[in-house]
> 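Attaching a single structure in structure tokens format; questions to follow.
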Amino acid sequence: MKTISIINLKGGVAKTLTAVSMAHILAVFHNKHVLIVDNDKQGNTSKAFRVHSYDTKTIADVLTARRIDPHEAILHTGYEKIDVMPANMNLIRANLEVMMDSTRPQQTRLRAALDAVAGEYDFCIIDNAPDINISTINALVASDDVIIPIKIDEYAFDGLAELKEQIENTRDDLNPRLRLAGCLITCFQRTEADKQGEEWLKAKPEYPVFDTHIRYSEKVTESTFAKIPIVEYSRRSGAAIDYVAFVHEYLERGKK
Ligand SMILES: Nc1ncnc2c1ncn2[C@@H]1O[C@H](COP(=O)(O)OP(=O)(O)OP(=O)(O)O)[C@@H](O)[C@H]1O
Ligand SMILES: [Mg+2]
């Protein structure tokens, strides 16, 4: 199982859209078994797959309960090859609980849970909150690859250096497999600002950038309201075409 963290300290940059679209494309176009982990108290990924609830076990239980079988916190979706480990606001309390309980390892709990189900999936995609906290550190410790979605605006690159440092520290201390697969430019519009932002980032050797960028499409908002992945909702929208191309590029790069 290859585990990918979708992460950026900034909010609203299309982390969730990228996680949901990638999971959907890997499952439906590439026939892969995918586990998507919702690692954000907002629960947007859980909502996108219609499994958001307070009646089921969630990632909060995985992080805090002793001897929990991770299968208990994994739900099937309407897609045969996609399962979800959901999240809800209980993740706030769980984070505090993990921080206060130093009697057992605090940073490797998600990895231990994912190791237990690794044989059942080809890919695990972790959708993260716009933060660095014990949840996101657990995600980085459990991951092979990191993808950083970036939406170009005047503050687009804030926090990038801090995130890169966190990735490097996690690699040095706890997870030598961890790799920054690349930055993905999202919500791209043909404005001068977007073109310049993309060029600026591509000129920085310390930040690999995917060749594919994701265009802004009005259909995206409609698809999130309808809780249907964009590629299914509007296959011909720019965002759908680009997400398919992006997943192809990601898989091809991984072969090298
Ligand atoms: N390519 C796109 N075209 C149009 N709208 C988009 C596109 N990508 C993202 N959006 C919109 O931008 C908003 C933020 O997207 P999303 O929820 O995926 O971001 P996020 O980084 O997960 O946010 P948060 O930090 O709150 O978790 C959503 O309303 C989404 O519909
Ligand atoms: Mg999100």
Side-chain angles (χ1 to χ4, degrees), residues 4-25 36-52 58-60 84-89 91-92 95 125-133 135-136 138-140 143 146-160 162-163 166 182-191 193-195 197-198 209-247 249-250:
I4 308 160
S5 264
I6 314 290
I7 190 163
N8 188 326
L9 301 190
K10 282 179 62 73
V13 296
K15 293 181 295 296
T16 299
L17 182 71
T18 300
V20 168
S21 302
M22 261 192 110
H24 175 244
I25 292 163
I36 180 160
V37 173
D38 193 348
N39 197 25
D40 183 353
K41 62 184 180 298
Q42 298 181 93
N44 293 348
T45 287
S46 310
K47 290 171 189 164
F49 285 107
R50 304 168 191 243
V51 293
H52 185 265
T58 66
I59 187 164
V84 180
M85 181 181 286
N88 57 33
M89 290 288 170
L91 190 52
I92 301 171
N95 269 304
I125 296 179
I126 308 176
D127 179 25
N128 285 283
D131 206 352
I132 290 281
N133 55 27
S135 271
T136 41
N138 264 272
L140 290 176
S143 294
V146 177
I147 294 172
I148 307 179
I150 294 179
K151 179 179 168 186
I152 306 283
D153 63 25
E154 63 268 47
Y155 307 117
F157 307 115
D158 288 4
L160 216 49
E162 288 77 3
L163 177 56
Q166 184 65 52
C183 301
L184 174 67
I185 298 196
T186 61
C187 283
F188 185 84
Q189 290 179 290
R190 296 227 140 267
T191 61
D194 277 21
K195 284 188 223 162
E198 183 172 43
V209 184
F210 288 99
D211 294 333
T212 312
H213 61 210
I214 311 297
R215 277 169 289 174
Y216 173 87
S217 297
E218 280 177 10
K219 292 281 179 194
V220 166
T221 313
E222 290 174 29
S223 76
T224 47
F225 269 101
K227 298 194 175 68
I228 298 172
I230 182 63
V231 173
E232 187 176 313
Y233 187 83
S234 177
R235 178 66 184 92
R236 285 197 276 189
S237 63
I241 292 167
D242 295 342
Y243 271 116
V244 171
F246 159 66
V247 171
E249 183 185 351
Y250 169 77

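Order of appearance sets the numbers: ligands from 1, and atoms from 1 within every ligand. On a predicted model such as this, the values are computed, not experimentally measured, just so you know.
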> With a 4.0 Å cut-off, strictly under, does atom 2 (C) of ligand 1 pick up any protein heavy atom?
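There is a protein heavy atom less than 4.0 Å from atom 2 (C) of ligand 1.
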> Hey, are K219 and E222 close enough for a salt bridge, meaning a charged N less than 4.0 Å from a carboxylate O?
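Here K219 pairs with E222 in a salt bridge, since their nearest N and O are under 4.0 Å apart.
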> Would you say T16 reaches the Mg ion (ligand 2) with an N/O/S atom under 2.8 Å?
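It does; at least one qualifying atom falls short of 2.8 Å.
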> Does the protein put a heavy atom less than 4.0 Å from atom 6 (C) of ligand 1?
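Protein heavy atom within 4.0 Å of atom 6 (C) of ligand 1: present.
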> Using distance alone, determine whether S217 and ligand 1 share an N or O pair under 3.5 Å.
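Yes; the residue has a nitrogen or oxygen that sits under 3.5 Å from a nitrogen or oxygen of the ligand.
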> If we count only non-hydrogen protein atoms and require a distance under 4.0 Å, does atom 22 (O) of ligand 1 qualify as touching the protein?
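True for atom 22 (O) of ligand 1.
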> Just by modelled atom types, is the S234 backbone N or O under 3.5 Å from a matching donor or acceptor in the S237 side chain?
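Yes; judged by distance alone, with no hydrogens or angles, the pair exists.
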> Out of T186, L160, V13, which one pairs with I150 under the side chain to side chain contact (heavy atoms under 4.5 Å, CB included) rule?
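Checked T186, L160, V13 against I150; only one passes side chain to side chain contact (heavy atoms under 4.5 Å, CB included): L160.
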> Taking the non-hydrogen atoms of V13, is any one of them nearer than 4.0 angstrom to ligand 1?
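For ligand 1, residue contact (heavy atoms, under 4.0 Å) with V13 is present.
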> Between A239 and ligand 1, does any nitrogen or oxygen pair lie at a separation below 3.5 Å?
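Min N/O separation from ligand 1 is not below 3.5 Å for A239.
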> Using a 4.0 Å cutoff against the non-hydrogen atoms of P130, which atoms of ligand 1 qualify?
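Once the distances to P130 are compared, the set is 25 (O).
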> Do D127 and K15 meet the salt-bridge criterion of a basic N to acidic O distance under 4.0 Å?
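No salt bridge links K15 with D127.
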> Could you see which bit of E218 sits under 4.0 Å from ligand 1, with heavy atoms only: side chain, backbone, both or neither?
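Neither part.
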> How many angstroms lie between atom CD1 of I6 and atom OG of S143, to the nearest 0.5 angstrom?
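Nearest 0.5 Å value for the CD1-OG distance: 9.0 Å.
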> Is there a protein heavy atom less than 4.0 Å away from atom 12 (O) of ligand 1?
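Given the 4.0 Å limit, the answer for atom 12 (O) of ligand 1 is no, no protein heavy atom qualifies.
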> To which protein heavy atom is atom 31 (O) of ligand 1 closest, and what is the distance rounded to 0.1 Å?
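Atom 31 (O) of ligand 1 sits closest to the protein heavy atom V220 CG1, 3.4 Å.
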> Only heavy atoms count here, so choose which of D131, L17, D127 is nearest to atom 18 (O) of ligand 1.
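Nearest option to atom 18 (O) of ligand 1, by heavy atoms: L17.
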> So is there a nitrogen or oxygen of T221 less than 3.5 Å from a nitrogen or oxygen in ligand 1?
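Among all N and O atoms of T221, none is under 3.5 Å from an N or O of ligand 1.
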